[in-house]
Amino acid sequence: MPDPKEVHLSKPAIRSARFTALILLALGAMNAWTAQQAEDYVSLSTELCLCVCAARLFGADLLQRGYHRDRAVLAHVAAHPGAATRHVARAVGVSERVVAQTAFEISLIDT
């Protein structure tokens, strides 16, 4: 029987680039600090590179999430031309601000 105090993450959470990037960033930072204390500058530079790559992965995941939201808004507007901002926001499950921003960028919806 598993320990009830253990925290179990779902497979999608573990596969998430956002979760993975934060773990890599934390590990890289801890290893960089350890390498700096031991005056191992080759390891330090390697770990700093890991931190930069993890930060880039985190940023790319945020950007990709925005693209997915925009694509969902566009798909709904294509299926329901002339739909109001509030209707699109409720149907897609995002805030009206996100829909209005996407609409402003592509000029498809009357806000």
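Start at 1 with the first residue, then count along the sequence.
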A.B. asks: List the steps and the verdict of side chain to side chain contact (heavy atoms under 4.5 Å, CB included) for Leu27 and Leu25.
C.D. replies: CA-CA 6 Å; Leu27 289 173; Leu25 186 64; over 6 Å; no
A.B. asks: Mind checking the CZ-CD spacing from Arg71 to Gln64? Nearest 0.5 Å is all I need.
C.D. replies: 8.0 Å
A.B. asks: Give the other cluster members for Leu44, using side-chain heavy-atom distances under 4.5 Å between Ile, Leu, Val, Met, Phe, Trp and Tyr residues; answer none if it is isolated.
C.D. replies: Tyr41, Leu48
A.B. asks: To check you understand the geometry: which heavy-atom pair defines the closest contact between Ala72 and Val92, and what is its length?
C.D. replies: CB-CG1, 3.6 Å
A.B. asks: When hydrophobic residues are tied together by side-chain contacts of less than 4.5 Å, even through go-betweens, does Val52 share a cluster with Leu24?
C.D. replies: no
A.B. asks: Would you check if Leu22 and Thr20 make a side-chain contact, meaning some heavy-atom pair closer than 4.5 Å?
C.D. replies: no
A.B. asks: Indicate, with yes or no, if Val88 and Val94 share a hydrophobic cluster defined by side-chain heavy-atom contacts under 4.5 Å among Ile, Leu, Val, Met, Phe, Trp and Tyr.
C.D. replies: yes
A.B. asks: Using the side chain to side chain donor-acceptor pair (under 3.5 Å) rule, collect all pairs that involve residues 45-57, keeping only residues at least two apart or in two chains.
C.D. replies: none
A.B. asks: Give, for atom CZ of Arg90 and atom OG of Ser95, the distance between the pair rounded to the nearest 0.5 Å.
C.D. replies: 13.0 Å
A.B. asks: For residues Cys51 and Ala29, report the shortest heavy-atom separation together with the two atoms involved.
C.D. replies: SG-N, 3.3 Å
A.B. asks: Tell me the ring-ring contact (aromatic ring centres under 6.0 Å, His included) pairs involving residues 47-78, sequence neighbours left out?
C.D. replies: His76-His80, His76-His87
